[in-house]
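This report refers to the structure that appears directly beneath it.
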Amino acid sequence: MEKQSLGQRVRELRLKRRLKQSDVAKSINVTNALISALELGDRTPSMDVLISLCDFFHVSADYLLGIKTQDTLNLDGLTPKDKEAVLIIVDSLKSKGYH
């Protein structure tokens, strides 16, 4: 299996959310052209843009950079009881083959 580039991951995350490049660009205060160039692999993001993309898509920089192959689920802000409920749901879905 070929390793995905940052651009491929950004595109995949964007399409999963049914967003246009302009939606992402506007949300993180960059140009549409930059999002296009990132997705095509013509540009690499600045540190600020990388952080904004991670925040916007709720993934780690490790995931976008291809260091980790799976994105993580951000449970920040949830109570311990809510975190437990989310993990039970995730485990249930995995046991049913949804992964």
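This structure is a prediction, so every number in the text was calculated from the model and none was measured.
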Minimum-distance pair of heavy atoms, taken over all atoms of [X] and [Y]:
X	Y	result
Phe57	Arg17	O-NH2, 3.1 Å
Cys54	Ser60	SG-C, 3.7 Å
Leu38	Thr44	CD2-C, 3.7 Å

- Spacing of CZ belonging to Phe56 relative to CG belonging to Leu19, to within rounding of 0.5 Å: 5.0 Å
- Item | Spacing of His58 atom NE2 and Leu13 atom CG [to the nearest 0.5 Å] | 11.0 Å
- Message: According to a hydrophobic-cluster definition based on side-chain heavy atoms being under 4.5 Å apart (Ile, Leu, Val, Met, Phe, Trp, Tyr only), do Ile67 and Leu50 belong together?
- Response: yes
- Message: Same cluster or not: Leu40 versus Val10, using hydrophobic residues (I, L, V, M, F, W, Y) connected whenever any side-chain heavy atoms lie under 4.5 Å apart?
- Response: no
- With sequence neighbours excluded, what pairs up with Ser52 under the side-chain hydrogen bond (donor to acceptor under 3.5 Å, both in side chains) test? none
- Residues passing the side-chain hydrogen bond (donor to acceptor under 3.5 Å, both in side chains) test with Glu39, sequence neighbours excluded, are Arg14, Gln21
- How would you list all residue pairs meeting side chain to side chain donor-acceptor pair (under 3.5 Å) that involve residues 75-85, not counting sequence neighbours? Thr79-Asp82
- Report the residues that fulfil side chain to side chain contact (heavy atoms under 4.5 Å, CB included) with Asp48, sequence neighbours left out, ordered by chain and then residue number. Ser46
- Could I get the full list of side chain to side chain contact (heavy atoms under 4.5 Å, CB included) partners for Ile89, not counting sequence neighbours? Leu93
Using distance only, find each side-chain donor-acceptor pair of residues 22-32 under 3.5 Å and give its atom names and separation, not counting sequence neighbours.
unit_1	atom_1	unit_2	atom_2	d
Asp23	OD2	Lys20	N	2.8
Ser27	OG	Asp23	O	2.9
Thr31	OG1	Leu34	N	3.1

